[in-house]
There are 2 protein chains.
Amino acid sequence: MKPRAASTQRRTRIQKENEEIILESALEIFSTNGFRGTTIDQIAAAAGMSKPNLLYYFRRKEDMHQALLDQLLTNWLAPLEEMDPGGEPLEEICKYIRRKLEMAEKYPRESRLFANEILQGAPHIKEQLEGALRELVDEKSMLIENWIEQKKLAPCDPRHVIFSIWATTQHYADFDVQICAILAEEERIKTRFEDAAKMLEGLYVNGLKP
Amino acid sequence: MKPRAASTQRRTRIQKENEEIILESALEIFSTNGFRGTTIDQIAAAAGMSKPNLLYYFRRKEDMHQALLDQLLTNWLAPLEEMDPGGEPLEEICKYIRRKLEMAEKYPRESRLFANEILQGAPHIKEQLEGALRELVDEKSMLIENWIEQKKLAPCDPRHVIFSIWATTQHYADFDVQICAILAEEERIKTRFEDAAKMLEGLYVNGLKP
DNA sequence: GTCTATAAGGCGATAGAC
DNA sequence: GTCTATCGCCTTATAGAC
């Protein structure tokens, strides 16, 4: 049970601030250690508060995890939703790749949290995957099918094209350690996302051009 | 410390068998629950033996995990090693994609074990990534560079091409739950790997054709 | 709202009989 | 080699003072 609505605006604001601090810290730890690998102590330390104090805001460890996953899913669907039926097909796909790569660069922790959840069988978000996500993919797959019929794209399996874009872009967040182990220092530090964007755009433009 | 060499062949064989049973069970549990999410009890139950009995073969939980990662890395490098400098470039790349997809289909647990390890910062295999894996990628990148210079492949960043093949193929093992949540029943059950192979071959052949 | 203290249970690992 | 019993730590979560 959350704390009751406070009597003044001031208290409510403090509550919100603390919840944000906690979720920010929880994201940091969950995304690198996984759910079971994370202890409440670690999150509390990162949030600069005591463990019982943290548990005043989120009564159970799982509540923090679920809150993070819930707010994640909305943002996660956004880039695909923006794919525009009125746009030029190859350009829309390139823009989608760019948006996904930007998210991998800016929100790697969210990507890893999601990856951890899926890897372990998606116990907390399976319904959303089979519901909202599936519907969105169905919708955009039909859009891609239309583009193919209009000869604006080479024939391909739309769903698997979407999967491949997810895979290649999220890879730069989820497998960052491996990528950095392989690239030379200069590339690793400055240009890996830009290099990835160029390669992927070339691959998909040539690969899907009618 | 492992049990000392036994006095008879028979005992040694039993040891090996038990070690294999344990590692097989450990792979099953580690790959779905992660290291911290796995308990020795679970592995022992899956292996059909008591916890202390299991700990007679592997003194610590981490020993099982490390053994699995070590034996995994060898198999992991094999598909890329087989990329043949004497072959036809586009065909070699298609064959590499096929081999990787086959591994995702046949050994999804190994893929997920690896993904879990990388996601959490690769604490147990960082040296191998920066050593053997990096050298192999360097070698094959030079091969791809040569193919590009000979106008047998379109210009592209070889390392990122390799990354994209890893990402797209391993995705079918690591994110299987998500893929199955989205695909229709028929596709999900029978043809998803075949559909993926066709789409990816088309994408890379057209995308990298000079 | 925040703290100290602690209950309650899970889990890795060991002891020691057989 | 395998078992039963158990130690001792770590971790979640709660009680209750301030």
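Remember, predicted model here, so these are calculated numbers, not experimental data. In what follows, chains carry the letters A, B, and so on, assigned in the order in which the sequence lines appear, proteins first and then strands, with residues in each chain numbered from 1.
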Report yes if the side chains of B:Asn33 and B:Gln42 come closer than 4.5 Å at any heavy-atom pair, otherwise no.
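Yes, their side chains come closer than 4.5 Å.
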
Rounded to the nearest Å, what distance is computed from the [atom1] atom of residue [X] to the [atom2] atom of nucleotide [N]?
{"X": "B:Ile29", "N": "C:dC11", "atom1": "CD1", "atom2": "C1'", "value": "15 Å"}
{"X": "A:Met64", "N": "D:dT12", "atom1": "CE", "atom2": "C1'", "value": "10 Å"}
{"X": "B:Tyr57", "N": "C:dA13", "atom1": "OH", "atom2": "P", "value": "18 Å"}
{"X": "B:Ile21", "N": "D:dG1", "atom1": "CD1", "atom2": "P", "value": "13 Å"}
{"X": "B:Leu54", "N": "C:dC11", "atom1": "CG", "atom2": "P", "value": "15 Å"}
{"X": "B:Met49", "N": "C:dA13", "atom1": "CE", "atom2": "P", "value": "17 Å"}
{"X": "A:Glu19", "N": "C:dT2", "atom1": "CD", "atom2": "C1'", "value": "16 Å"}
{"X": "B:Asp63", "N": "C:dG12", "atom1": "CG", "atom2": "C1'", "value": "12 Å"}

Does a side-chain N or O of [X] approach OP1 or OP2 of [N] to a distance below 4.0 Å, or not?
{"X": "A:Tyr56", "N": "D:dT14", "answer": "no"}
{"X": "B:Ser50", "N": "D:dC3", "answer": "yes"}
{"X": "B:Asn53", "N": "D:dG1", "answer": "no"}
{"X": "B:Arg59", "N": "C:dG12", "answer": "no"}

Can you establish whether the number of heavy atoms outside A:Glu81 located under 6.0 Å from its atom CD is more than 12?
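Buried by this count: over 12 neighbours within 6.0 Å.
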
Quick check on B:Glu17: does its CD atom have over 12 non-hydrogen neighbours (other residues, nucleotides or ligands) under 6.0 Å away?
yes

Passing candidate, salt bridge (Lys or Arg N to Asp or Glu O under 4.0 Å) with A:Arg98, options A:Glu82, A:Glu194, A:Glu91:
A:Glu194

Look at the aromatic rings of A:Phe175 and A:His171 and report parallel, tilted or perpendicular, splitting at 30° and 60°.
parallel

Would you tabulate the pairs of protein nitrogen or oxygen atoms and nucleotide nitrogen or oxygen atoms of nucleotides 5-11 of chain D closer than 3.5 angstrom?
from   : atom 1 : to      : atom 2 : distance (Å)
D:dT11 : OP1    : B:Arg36 : NH2    : 3.4

Of the nucleotides D:dT2, C:dG1, C:dA13, which one has an atom closest to the side chain of B:Leu55?
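So the nucleotide nearest the side chain must be C:dA13.
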
Any donor-acceptor pair under 3.5 Å linking the side chain of A:Lys61 with the backbone of A:Thr39?
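Here the side-chain-to-backbone pair does not exist.
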
State which residues pass ring-ring contact (aromatic ring centres under 6.0 Å, His included) with B:Phe35; sequence neighbours excluded, sorted by chain then number.
B:Phe30, B:His65

